[in-house]
Amino acid sequence: MIRNIPDIRKNFTPLQPFAGQYGEGVCYNELFPHHDLSGLIYCYWELKTIVPLKTLFQYKVVPDACTDIFFETENPGQLFVMGFSTGYTEFPLGYRFRYMGIRFLPSVFPLLFRVDGQELAGKVTALGDVLPGIFKSLVQYMPETASFTEYACFFDARFREITTGLMPAIDGRFFNALDIILRKRGGLRLQDELDTGISPRQLRRLFGFYMGSTPKAFSKVVRFQYGLQTGLARSVGEDPMFFYDAGYYDQSHFIREFRQMYGCTPTDVMKEK
């Protein structure tokens, strides 16, 4: 158990709003990790078809500031990692599939494995190209057929083993800035409210490594996530002050950033419900 990593989870809950909204043909599930890993991994997830689909399935992922390892269970030897993103991504998954994933909390993946977050940002990369040792340790013992709960137990065992004895160098300046942004829910004036005792250039360098992006881009994702968690209906008219409370200049500012990260407007999303 790594005890010196700040508790990101207490101020941030990454949300993928499409979970459970696919209809009867597709199922999405999440399981939390062992408590020893709760400060590192937000959840394990499973996305699968229950019956073969009649049309090609497009899976949309919105920015959540996390880093995911994922794979299709029929091809467990092909593991991928996806880093920080500021826009939505669509994956054509076909008519029948079963995917598993491990969702690391923001900044944790680069911190643990000393991988520059900028190398992972905005793309999907083969895990073997990034961390060949971790890739081999997972693939070597990966169950060929197992329930989601059994996979979660496997991930718990492997990552508890992998992280045992790790002593990551914690940069308090970065985590202080991260904590401020999370507590402010991304709605802050960076120049005035993000005083961590180092220059803006140094802070951008730290965010580049740990997040794969800038403090400004990370704040936008946190603000977007806060908007999702507080409810779309309220944001599109029931509470006009929502936009200001969430750190947006006005309604058009909110809608513009929402469209970039979600792929459509809040009103369009409400029509789908």
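- The two residues Y42 and T13 have their closest heavy-atom pair at OH-CG2, 3.3 Å.
- Here the side chain of R158 pairs a donor or acceptor atom with the backbone of S137 at under 3.5 angstrom.
- To the nearest 0.5 angstrom, K60 atom NZ is 10.5 Å from T89 atom OG1.
- By the criterion of side-chain heavy atoms lying less than 4.5 angstrom apart, applied directly or through intervening Ile, Leu, Val, Met, Phe, Trp or Tyr residues, F254 is not grouped with Y88; the two fall into different hydrophobic clusters.
- Under the ring-ring contact (aromatic ring centres under 6.0 Å, His included) rule, F97 has a single partner from Y28, F57, Y59, F91, which is F57.
- The residues E46 and R98 are annotated as salt-bridged, a charged nitrogen and a carboxylate oxygen being separated by less than 4.0 angstrom.
- Under the 4.5 Å side-chain criterion, counting only non-hydrogen atoms from C-beta, Q260 is in contact with T86.
- Using a distance-only test at 3.5 Å, with no hydrogens or angles considered, no donor-acceptor pair links the side chain of Y99 to the main chain of W45.
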Next item on the list: Starting from the C-alpha separation in whole Å, work towards a yes-or-no answer on side-chain contact (heavy atoms from CB on, under 4.5 Å) for H34 and F155.
Entry: CA-CA 9 Å; H34 187 278; F155 295 145; over 6 Å; no

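- Closest approach of T125 and E119 over heavy atoms only: OG1-O, 4.3 Å.
- Between F70 and V61, the closest side-chain pair of non-hydrogen atoms is not below 4.5 Å.
- Without hydrogens or angle criteria, Q78 side chain to F71 main chain gives no donor-acceptor distance under 3.5 Å.
- Side-chain contact between D171 and F209 is absent, with no heavy-atom pair separated by less than 4.5 Å.
- A distance-only check finds no donor-acceptor pair linking the side chain of N11 to the backbone of L182 [under 3.5 Å].
- A heavy-atom distance below 4.5 Å is found between the side chains of Y210 and L111.
- To the nearest 0.5 angstrom, L47 atom CG is 10.0 Å from E72 atom CD.
- With values rounded to the nearest 0.5 angstrom, I102 atom CD1 is found 13.0 Å from C66 atom SG.
- Remark: P200 engages R204 in a side-chain contact (heavy atoms from CB on, under 4.5 Å) (not counting sequence neighbours).
- Considering only heavy atoms from C-beta on, L138 comes within 4.5 Å of L127 through its side chain.
- Side-chain atoms of F84 and V221, non-hydrogen and from C-beta on, do get closer than 4.5 Å to each other.
- The side-chain heavy atoms of R205 and R201, taken from C-beta on, include no pair separated by under 4.5 Å.
- Residues D116 and G208 approach most closely at OD1-O, 3.4 Å, considering heavy atoms.
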*Please step through side-chain contact (heavy atoms from CB on, under 4.5 Å) for the pair V130 and F113, ending with a clear verdict.*
CA-CA 10 Å; V130 179; F113 306 122; over 6 Å; no

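- Ring geometry, F12 versus F218: the interplanar angle falls from 30° to 60°, so the pair is classed tilted.
- The CZ atom of R103 sits 5.5 Å away from atom CG of D64, with the distance rounded to the nearest 0.5 Å.
- A salt bridge does not link D156 with R160: none of the charged nitrogens is closer than 4.0 Å to a carboxylate oxygen.
- Heavy-atom minimum distance, E90 versus Q58: CB-OE1, 4.0 Å.
- With ring centers used as reference points, F104 lies under 6.0 Å from F159.
- Taking the six-membered ring for Trp and the full ring otherwise, the centers of F32 and Y44 sit at least 6.0 Å from each other.
- Of the possible polar contacts, one joining the T214 side chain to the A217 backbone as a donor-acceptor pair under 3.5 Å is found.
- Side-chain atoms of R9 come within 3.5 Å of backbone N or O of S38 as a donor-acceptor pair.
- Interatomic distance, CD1 of I162 versus CG of L40, reported as 11.5 Å (0.5 Å rounding).
- Side-chain contact between F109 and V81 is present, with at least one heavy-atom pair separated by less than 4.5 Å.
- Shown here is R114, whose CZ atom has more than 12 heavy atoms of other residues, nucleotides or ligands within 6.0 Å.
- In terms of heavy-atom proximity, V108 sits nearest to G39 at CG2-O, 3.9 Å.
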*Could you please spell out the steps behind the side-chain contact (heavy atoms from CB on, under 4.5 Å) verdict for L228 and F224?*
CA-CA 6 Å; L228 292 181; F224 165 73; 3.7 Å; yes

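- Heavy atoms only, all atoms of each residue included: F207 and A177 are closest at CE1-CB, 3.9 Å.
- Interatomic distance, N176 CG to I181 CD1, rounded to the nearest 0.5 Å: 10.0 Å.
- Formation of a donor-acceptor pair under 3.5 Å by the Q225 side chain with backbone atoms of R185 is not found in this model.
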